[in-house]
Amino acid sequence: MTIPGTIPGTTTGTISVDFLRNHRDCLEICADWEYVTWGKSYGWTRENVLKSYHDMTEDDNVEQAFIALSEGKPVGTALLIENDHKDYKHFRPWLAALYVDAPHRRKGVARKLVKLVEKTAHERGEKQLFLYTLTPEIYRAMGWKIVEQFGDNKFLMKIIF
């Protein structure tokens with residue numbers, strides 16, 4: 001799968017996307033975004049989130065963290081993980097923890113991160129990718145399909161390569 005004009009680690013406009021393992025100095029801010037946005041409400045500790053992100057920067061880990069940078073500064077992150085929901089363990093792998101810092105939203109950062117996660121999954125032989133969200137319209141615009149609605153207005157989605 002080719003992402004027109006986007007090569008990991010290179011700049012497209014003012015935004016670049018890459019594996020977080022190539023920018024380990026940004027690991028803590030990416031982990032903090034996840035911890036503050038989701039982790040606290042799930043009862044996770046900051047230390048566990050940091051360890052998870054550290055593990056996802058290892059080359060041989062099937063789960064990987066990604067980063068978006070603007071002028072060398074982190075502006076977003078996303079994960080490629082094996083599972084992101086206890087009720088859907090039979091689906092794998094997952095796009096998870098997509099986060100874009102508020103001043104950089106609505107500028108294509110999320111789309112670039114999603115495309116890099118999709119490309120990475122496809123290149124390792126995956127045939128589909130899953131996620132869950134409260135905002136399916138964002139992902140529908142990128143070709144994702146709703147599988148089902150569950151819980152408090154959450155949507156399970158997938159994309160097939």
Side-chain angles (χ1 to χ4, degrees), residues 1 3 6 15 17-21 23 26-57 61-70 73-122 124-161:
M1 176 179 175
I3 304 168
T6 304
I15 302 298
V17 292
D18 199 0
F19 288 87
L20 183 58
R21 67 177 176 244
H23 306 273
C26 299
L27 187 147
E28 195 165 330
I29 191 167
C30 292
D32 282 345
W33 283 331
E34 179 170 352
Y35 173 68
V36 170
T37 305
W38 300 285
K40 277 193 211 179
S41 66
Y42 291 134
W44 303 341
T45 66
R46 182 177 184 273
E47 292 73 26
N48 284 348
V49 174
L50 278 169
K51 182 181 180 332
S52 177
Y53 269 73
H54 176 75
D55 292 348
M56 286 185 281
T57 61
N61 191 339
V62 67
E63 297 187 326
Q64 288 291 314
F66 301 87
I67 189 168
L69 301 146
S70 176
K73 294 183 172 75
V75 298
T77 188
L79 304 176
L80 175 59
I81 63 174
E82 284 299 291
N83 185 268
D84 196 31
H85 198 285
K86 63 181 176 55
D87 294 335
Y88 297 100
K89 290 189 183 277
H90 52 290
F91 294 136
R92 62 158 299 281
W94 291 66
L95 164 66
L98 176 63
Y99 178 87
V100 177
D101 199 26
H104 301 278
R105 293 179 185 161
R106 305 194 59 78
K107 297 179 181 178
V109 176
R111 180 178 296 271
K112 288 178 182 170
L113 282 164
V114 169
K115 292 301 176 192
L116 179 54
V117 173
E118 290 174 357
K119 179 179 184 285
T120 302
H122 183 71
R124 73 178 198 195
E126 303 295 349
K127 304 292 183 215
Q128 57 193 2
L129 191 58
F130 295 89
L131 65 82
Y132 77 91
T133 184
L134 297 170
T135 54
E137 59 279 356
I138 293 169
Y139 300 96
R140 270 195 278 203
M142 292 185 260
W144 288 72
K145 306 289 183 217
I146 293 174
V147 174
E148 69 180 69
Q149 185 175 346
F150 66 98
D152 292 334
N153 211 26
K154 293 178 185 169
F155 296 85
L156 175 65
M157 302 185 78
K158 77 175 179 179
I159 192 163
I160 299 173
F161 305 122

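Keep in mind the model is a prediction, meaning the values are calculated, not measured.
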How would you list, by chain and number, every residue that makes a salt bridge (Lys or Arg N to Asp or Glu O under 4.0 Å) with Arg21, sequence neighbours excluded? Asp59
With sequence neighbours excluded, residues passing salt bridge (Lys or Arg N to Asp or Glu O under 4.0 Å) with Arg105: none
Which residue pairs satisfy the salt bridge (Lys or Arg N to Asp or Glu O under 4.0 Å) criterion with at least one member in residues 78-87, sequence neighbours excluded? Glu82-Arg92, Glu82-Arg124
Salt bridge (Lys or Arg N to Asp or Glu O under 4.0 Å) pairs touching residues 135-147, sequence neighbours excluded, are none
Partners of Lys51 by salt bridge (Lys or Arg N to Asp or Glu O under 4.0 Å), sequence neighbours excluded? Asp55
How would you list, by chain and number, every residue that makes a side chain to side chain donor-acceptor pair (under 3.5 Å) with Tyr139, sequence neighbours excluded? none
Checking Thr45 now: which residues fulfil side chain to side chain contact (heavy atoms under 4.5 Å, CB included) with it, not counting sequence neighbours? Glu47, Asn48
Using the side chain to side chain donor-acceptor pair (under 3.5 Å) criterion, which residues pair with Trp144? Sequence neighbours excluded. Glu118
Sequence neighbours left out, what pairs pass side-chain hydrogen bond (donor to acceptor under 3.5 Å, both in side chains) with at least one residue falling in residues 151-161? Gln149-Asn153
Contacts of Ala31 meeting side chain to side chain contact (heavy atoms under 4.5 Å, CB included) (sequence neighbours excluded), chain-then-number -> Val49, Leu50, Tyr53
By side chain to side chain donor-acceptor pair (under 3.5 Å), Ser70 pairs with (sequence neighbours left out) none
Please list, chain by chain and in numerical order, all residues satisfying side chain to side chain donor-acceptor pair (under 3.5 Å) with Asp32, sequence neighbours excluded. Arg46
